[in-house]
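Since the structure comes first, as C-alpha cells, the remarks are kept for the end.
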2 protein chains.
Amino acid sequence: MVTIKDVAKLADVSIATVSRVINGYAHVRPEVRDAVNKAIDSLGYRRNGLASSFRTQQSNIVGVLLRQQRTPFSSALAYAIETTMFDQGYRVLLCSTNGDADREQAYLETMLDMRVQGIIIRPSATTARTVKQVATLRERGVSVAFVDMKPKIASISSVVCDNFSGGYQGMRHLIELGHRKIGVVAGGIAQRGGSQDVGSERVRGIRQAAHDLADDVEIVFSHPFDTASFEVGREAGQAMITGNPDITAIFGTTDMLAIGVMHAAHALGLDLPRDLSILGYDGVLESAVTFPTLSTIAQPIHEMGQIAAMTLIDHMREASKSPRQVVLENTLVQRASTIPLET
Amino acid sequence: MVTIKDVAKLADVSIATVSRVINGYAHVRPEVRDAVNKAIDSLGYRRNGLASSFRTQQSNIVGVLLRQQRTPFSSALAYAIETTMFDQGYRVLLCSTNGDADREQAYLETMLDMRVQGIIIRPSATTARTVKQVATLRERGVSVAFVDMKPKIASISSVVCDNFSGGYQGMRHLIELGHRKIGVVAGGIAQRGGSQDVGSERVRGIRQAAHDLADDVEIVFSHPFDTASFEVGREAGQAMITGNPDITAIFGTTDMLAIGVMHAAHALGLDLPRDLSILGYDGVLESAVTFPTLSTIAQPIHEMGQIAAMTLIDHMREASKSPRQVVLENTLVQRASTIPLET
DNA sequence: TCTTGTTTTGAAAACGTTTACAAGATAGCG
DNA sequence: CGCTATCTTGTAAACGTTTTCAAAACAAGA
C-alpha cells in the first residue's frame, strides 16, 4: 500500500508538504504542488481515510437511525437524506432498528465508536430512552437532529410536518365534498407513545376540523392499536364498513391503512369511489398506484429529508448554531378516490 | 475523552493489558480482568473505533452499492443485507448510485478510503466499468459479492435468481389457464446491458415456455426501453391493449410494470380479471395491494440479501474461500389477477 | 548591505490503539 | 533446590496522517 511517505520520497519533499498539497492548503509553491500531484498520480496514491480520520478524530460519516426501512415512507426519507449528505461530502451509515431498542442501542454505540460527526434519528417507540441517549451523544460532541418527531428537549433540532394541519385539511376536504358521516381509521398511535406523536396530532386536526366546519358531522373512529399496515387497514375497514353501512367516506391516517380500507371495500362489493370516498395520508408512491388512485394528504418527504440533512450539517460545521425546529406543511393531493357525495 | 491510558492508570496495569481485556484475549488473570473492567465502567471508557480501525487497517464496515434505493425491491434487499450484517457484527455503509456512474465511482472510492472489508454490489448499467473497478478492489484485498447479477468474471461470488425459470413458470401459468394470445411488457432491458441480464433472461424463459408447451400461443411483445416503472407500464399497457384487443393476458416482467398495465386496463374500462389476466414479476409488497391482487413470480428477495451477506462474510473471514455462484428459484404466487380463460 | 516581514518548507510530535518481543512470575518436574 | 515450560505482564514500536514549531528562503524597504 502506497503511503504519503512514498509520495514524499518520489517528489523529493517532506511528508508535511504532501499533506498540505492533498488538503489544498496555501503556501505551497506551484511547481512543488505539481510535482507532488505528479507523484501521487504515478504511484496511484490514495489517502488512507482511516488514518486521517483517526488523526483528526472525525470521520465524514453521519449516522441515520430509522425505526423502519422497508416502508415506503422510510425508504423515501432515507434516500433524500443520503443523496443530500452525499452531495455535501458526507457518507451515511444507515441503520434500521426495526423498533428493537437493543438494536438502537447497539447502533448508537457503533456510531459513537466510529466518531460520526452527527446523527439523524427518526425515533421509535422507546422515545424516553432514546432522548436520554441523545443527551449522552451531545455531551460527546455529536450533533443530533430529529426527523418526523418533535423532541421534548427544545435544544435538539427537528424537522416535522404539521400533522395537525394535515388532519384538518383532510377532514375539510371530505366535509367540503359533502360527507357528513365519516370513518377515521387511525392506526399506529399507541406504540408511538406520547400525546405529541404524529398519529395523535392528525386525529386532533381531524376533530378540530369537524368541530369548526360543520355542526352535523359524525365521526366514527377506529383505533387499531397496531402497526399502520395494509392488513390492519383492511381489517379495520371491513369492520367499520359492515358496522356502519351509512358511512360515505373513510379517512385513513396512513396511505397503507387507506389502501387496506380500499381493499375491504372492494371485497365487500362496493363500487369505488361512488359508494365510498377514501382518503389517505403520506403521499407515498403506492398511493398513486391503487385503483382508484388514492387522494391523500401528501407529506413533503424528500424535503423533510433534505432539510434534516442540511440542518444537521449546519450544526456539525458550526457547533454553536442554535437549534431550529422546522415544521413543514402537508398538502392535499386530490386523485380519484374522493368525490362529492351524491345526494 | 477517556482513553485506554486512563483506564490503565486507574486499574494500575499497562495499556497492553487493558487492550487484551478489551479484545478478550487469553492470558489475563481473572482478578486483573475484573479490575480493568471495573475501571472501564467507572470511567465510562469506550474504545476509540477510529484508532483501532486505523491500527488494524480494517473497519467492521461493509459497503453496499445499490443502483436504486427507493424501489420496493431495492429497499427490501437493503433491509435484508443490513440486518444480516448487523447480526454478524458488521455495519453497513449504504449507497444508492441512482444509476449515476460518477456517484458509483465516488462511493467506491469512499469505501476504499474507509478500508471497508467487503462490498456488495447490485450493478447498474455501466457494468463494464464496474467490473473493471471491481478488479481494482480485489487487488486491494476487498472482498466483493454481486447480487441480482451474475458477473462475467467467474471469480466473483454472486447471488441471483433464476430469471429464465421464472419467466418460464409465469408463461406456463398463463398457458395452463388457457390463454393463447398473451402480451408481454418487458421493460428496463436495454439499460441493463448485456444479454445475460435479468430482463432478457425472463424474456428467454417466456419464449421457451411458449415454444415448449403449446403450438398455438401467440406472444405480443412490448419493449419500452426505459426504466421498469409504473408509468412506463401504464403507457405500454394502454398501447398494447388498444392495439391488440384480442389479448387475454398480459405478463409484466416487473410488478410495477404489471401494476401500470392494470391501471391502463382499468382506465380502458376493462373488468379485471375477467377481461384480462395480468401477471407480475418480483413479489414486492405492492403486488399484494393492488386491485385485484396481483399474481406474480415472487423472488426470494430477503433470502437473496441474506445469502449475499453471508457469502461476503465468508470471503472476508477467509480470503481463500472459493467463489460461489448461488442461484435461487422464483415461485409463482397466485392471487386474484390471473384466472382461467373463459371460453 | 542590513533589517524586517512574509512565504515556503521540513523535522518531529502526536493521535489511541494493537502487537511483537522480552522479561518476570509461577508451576511442574526431577 | 534447580531447571524448564507455561502463563502473565509490561515496554516500546508501529500504523499513516495532520499539525505545531521553527528554520530557511526570499522579498521588500531602508
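Here is how names work: the chains are called A, B, and so on, in the same order as the sequence lines, proteins then strands, and each is numbered from 1.
In summary, the side chains of T110(B) and R91(A) do present a donor paired with an acceptor at a separation below 3.5 Å, with no hydrogens or angles considered. Using modelled atom types and a 3.5 Å distance limit, the side chains of D148(A) and Q299(A) yield no donor-acceptor pair.
Sorted by first and then second residue, the side-chain hydrogen bond (donor to acceptor under 3.5 Å, both in side chains) pairs involving residues 12-22 of chain A (not counting sequence neighbours) are S14(A)-T17(A), S19(A)-N23(A).
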| Passes side chain to side chain donor-acceptor pair (under 3.5 Å), R115(B) versus S53(B)? Steps please. | CA-CA 9 Å; R115(B) 300 296 192 269; S53(B) 289; over 6 Å; no
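Put simply, CG on D12(B) is 12 Å from C1' on dG10(D), counting in whole angstrom units.
Between the CD atom in E31(A) and the NZ atom in K38(A) there is a gap of 12.5 Å [rounded to 0.5 Å]. The distance from atom CZ of R67(B) to atom CD of E104(B), rounded to the nearest 0.5 Å, is 10.0 Å. We find the CZ-CE distance between R46(B) and M1(B) to be 10.5 Å, quoted to the nearest 0.5 Å. Residue I307(B) holds its CD1 atom at 4.5 Å from CG of L328(B), rounded to the nearest 0.5 Å. Taken to the nearest 0.5 Å, the CE atom of M316(A) stands 9.0 Å off from the CG atom of N60(A).
For residues 28-38 of chain A, proximity to DNA chain C is found at V28(A), R29(A), V32(A), defined as any non-hydrogen atom under 4.0 angstrom from a strand atom.
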Pairs under 3.5 angstrom only: tabulate donor-acceptor contacts from the side chains of residues 79-86 of chain A to other protein residues two or more places apart or in another chain.
unit_1: Y79(A); atom_1: OH; unit_2: N98(B); atom_2: ND2; d: 2.7
unit_1: E82(A); atom_1: OE1; unit_2: S96(B); atom_2: N; d: 3.0
unit_1: E82(A); atom_1: OE1; unit_2: S96(B); atom_2: OG; d: 2.3
unit_1: E82(A); atom_1: OE2; unit_2: Y107(B); atom_2: OH; d: 2.2
unit_1: T83(A); atom_1: OG1; unit_2: Y79(A); atom_2: O; d: 3.0
unit_1: T83(A); atom_1: OG1; unit_2: A80(A); atom_2: O; d: 3.1
unit_1: T84(A); atom_1: OG1; unit_2: A80(A); atom_2: O; d: 2.7

Look for any protein N or O under 3.5 Å of an N or O in nucleotides 17-19 of chain D and output each such pair with its distance, or none.
unit_1: dT17(D); atom_1: OP1; unit_2: Y45(A); atom_2: OH; d: 2.5
unit_1: dT17(D); atom_1: OP1; unit_2: N48(A); atom_2: N; d: 3.1
unit_1: dT17(D); atom_1: OP2; unit_2: I4(A); atom_2: N; d: 2.5
unit_1: dT18(D); atom_1: OP1; unit_2: N23(A); atom_2: OD1; d: 3.4
unit_1: dT18(D); atom_1: OP1; unit_2: N23(A); atom_2: ND2; d: 3.2
unit_1: dT18(D); atom_1: OP1; unit_2: R47(A); atom_2: NH1; d: 2.7
unit_1: dT18(D); atom_1: OP2; unit_2: S19(A); atom_2: OG; d: 2.7
unit_1: dT18(D); atom_1: OP2; unit_2: N23(A); atom_2: ND2; d: 3.3
unit_1: dT18(D); atom_1: O2; unit_2: R55(A); atom_2: NH1; d: 2.2
unit_1: dT19(D); atom_1: OP2; unit_2: Y25(A); atom_2: OH; d: 3.0

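Salt-bridge annotation for D87(A) and R103(B): present, with a side-chain N of the basic residue lying under 4.0 Å from a carboxylate O of the acidic one. The pair R47(A)-D113(B) does not meet the salt-bridge criterion, since no charged nitrogen lies less than 4.0 angstrom from a carboxylate oxygen.
Protein chain A contacts DNA chain C from dT7(C) to dG16(C), reading 5' to 3' and using non-hydrogen atoms of the protein with a distance under 4.0 Å.
Each end of the helix from dT1(C)-dA30(D) to dG30(C)-dC1(D) yields a helix axis from five base pairs, and these two axes differ in direction by 40° (to the nearest 10 degrees).
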